[in-house]
Number of protein chains: 2
Amino acid sequence: MKEGPDIARIGALIGDPARANILGALLGGKALTATELATEAGITGQTASSHLKKLVDGSLLVQTKQGRHRYFTLAGPEVAAVLEAVMGLAAHKGHLRVRTGPRDPAMRAARVCYDHLAGDMAVRIFDSMQSRGFLRVTQEKSGLGLTERGEAFVCEAGIDLKGLKSARRPLCRACLDWSERRSHLAGSLGAAFLAKFQNEGWMRRERDSRVVQITPIGNERLVKLFPAP
Amino acid sequence: MKEGPDIARIGALIGDPARANILGALLGGKALTATELATEAGITGQTASSHLKKLVDGSLLVQTKQGRHRYFTLAGPEVAAVLEAVMGLAAHKGHLRVRTGPRDPAMRAARVCYDHLAGDMAVRIFDSMQSRGFLRVTQEKSGLGLTERGEAFVCEAGIDLKGLKSARRPLCRACLDWSERRSHLAGSLGAAFLAKFQNEGWMRRERDSRVVQITPIGNERLVKLFPAP
DNA sequence: TTCATGGTTCGATCCTCGTCGAAGCATTCA
DNA sequence: TGAATGCTTCGACGAGGATCGAACCATGAA
């Protein structure tokens with residue numbers, strides 16, 4: 001016993017319903033204030049404050065204070081990845097009583113995963129890119145990279161690849177989708193794609209939710225840009 | 001709030017120290033009896049029984065009774081992957097007081113991750129295979145597959161590739177290593193590799209531990225078979 | 001049948017931790 | 001300066017759950 005890192009600390013942090021709701025809300029990627037998170041989790045401000053303190057101490061969240069507000073975010077992409085992975089377990093092992101909420105179909109179609117896209121469309125994009133030989137296995141930390149043809153495609157799509165490459169963060173990363181149980185694209189490139197889709201007006205985020213709506217024009221463009229293999 | 005699967009259930013299961021110890025022990029891949037798990041977690045039989053019931057109800061474990069013994073195992077590779085991922089968070093976000101146990105260096109060098117190899121040597125194997133073009137990105141559920149050259153290499157190494165392919169389980173899968181924070185090879189091929197290494201006498205499992213000792217001969221062979229990129 | 005071993009169930013105890021009310025800082029605005 | 005808002009700390013309450021002793025089933029051996 002007591003081999004390896006202390007897994008129980010993290011588990012206990014995720015294990016409380018109120019904290020789980022907070023983490024789930026922050027999976028949307030936006031920074032939220034303490035009161036916003038309190039209402040999101042259905043608890044009072046005092047309780048939220050206590051929970052947030054624990055989450056920050058446990059290094060799952062980071063806080064930045066701005067004026068008299070205090071904004072909270074997930075501590076990084078690794079945290080988001082773990083949360084999605086746990087969701088994958090919960091969805092398929094969770095006694096099959098996955099009481100699907102009203103927005104569940106929309107969530108499965110397209111949603112935000114911290115800073116990139118997840119769901120049906122995200123998996124489609126990943127599949128399309130791989131079938132055209134844009135992705136390759138690398139020995140970087142992330143294990144995934146772009147081929148030459150992939151780089152050409154990305155540049156042509158109007159993404160500043162040089163800028164992304166110069167950043168410290170890994171360019172590509174495979175993130176396991178809890179609804180599809182297949183990989184979608186994460187990393188700085190995944191984030192850049194999501195930003196582009198929103199700027200182009202192809203996608204629109206639902207207010208106070210992880211759900212992403214794909215506009216008709218967006219759908220048309222995306223289907224062309226990422227044909228099914 | 002309440003979007004997506006119920007993440008708190010899983011978190012609470014992992015969050016108790018006794019249960020975390022049980023899960024950690026079962027990461028070794030071997031089926032263990034209730035009493036073995038009780039001593040492993042440092043609790044009495046009664047409490048262990050209660051915890052095991054919860055873990056089975058939560059679908060993290062499966063039990064098979066054999067005679068008057070009751071053997072427990074992790075419910076599948078997905079569970080093991082999530083546990084390793086959580087360990088990754090705990091190791092690097094965990095307040096840096098990762099009180100490294102006495103066997104910690106050995107764990108980092110080579111250990112069992114459910115049914116395949118993890119740690120330094122496992123990452124080396126993954127890197128070597130990718131640099132020689134044996135792995136490619138696929139659109140399967142796992143997102144990873146073998147190239148033609150990779151298949152040739154695996155067959156030449158004396159592994160029954162056809163048998164593995166016919167199984168339902170994905171052949172290749174990238175599993176995130178908590179000690180190295182890089183990918184190593186999981187899936188049925190990863191399991192087959194570990195089995196081969198043990199049969200050949202290249203590796204030996206430490207008793208009641210996840211630690212794997214690499215024999216001198218094994219080290220020699222492995223370095224030849226998987227040269228550093 | 002009788003005994004021993006592995007596991008479970010029940011009940012009681014104890015303690016952690018989530019929760020909220022009230023009061024207290026901090027910051028911004030009028 | 002005062003008033004309002006955002007958030008934290010303190011204290012008390014209560015529930016849930018982890019733990020173990022004791023008694024109880026099930027299986028296998030003598």
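In what follows, chains carry the letters A, B, and so on, assigned in the order in which the sequence lines appear, proteins first and then strands, with residues in each chain numbered from 1.
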Contact summary for B/Ala174 and B/Leu144, nearest pair of heavy atoms: N-CD2, 4.0 Å

side-chain contact (heavy atoms from CB on, under 4.5 Å) assessment of B/Leu222 paired with B/Met203: CA-CA 10 Å; B/Leu222 286 167; B/Met203 297 184 178; 3.6 Å; yes

Length of the line joining A/Leu61:CG and D/dC7:C1', which is rounded to integer Å: 16 Å

Partners passing ring pair (Phe, Tyr, Trp, His ring centres under 6.0 Å) against B/His116 (at least two apart in sequence or in another chain): B/His184

Any A/Ile14 side-chain heavy atom under 4.5 Å of A/Leu83 side chain: yes

Parallel, tilted or perpendicular, as decided by the 30° and 60° cut-offs, for the rings of A/Phe197 and A/Phe193: parallel

Between C1' of C/dG6 and NZ of B/Lys65, the distance in whole Å: 12 Å

Nearest atoms (heavy-atom pairs only) where A/Asn219 meets A/Met121: OD1-CE, 3.7 Å

A/Arg19 to A/Ala12 - nearest heavy-atom pair and separation: NH2-O, 3.0 Å

Base-pair map of DNA chain C as dot-bracket, where | denotes pairing with a different strand and pairs are Watson-Crick or G-U under 3.5 Å: ||||||||||||||||||||||||||||||

Minimum side-chain heavy-atom gap B/Leu61-B/Leu74 below 4.5 Å: yes

Contact state string [nucleotides 7-18 of chain C, B base, S sugar-phosphate only, - no protein heavy atom under 4.0 Å]: SBB--------S

Any A/Thr44 side-chain nitrogen or oxygen under 4.0 Å from OP1 or OP2 of C/dT19: no

Between C1' of C/dC20 and CD1 of A/Ile43, the distance in whole Å: 11 Å

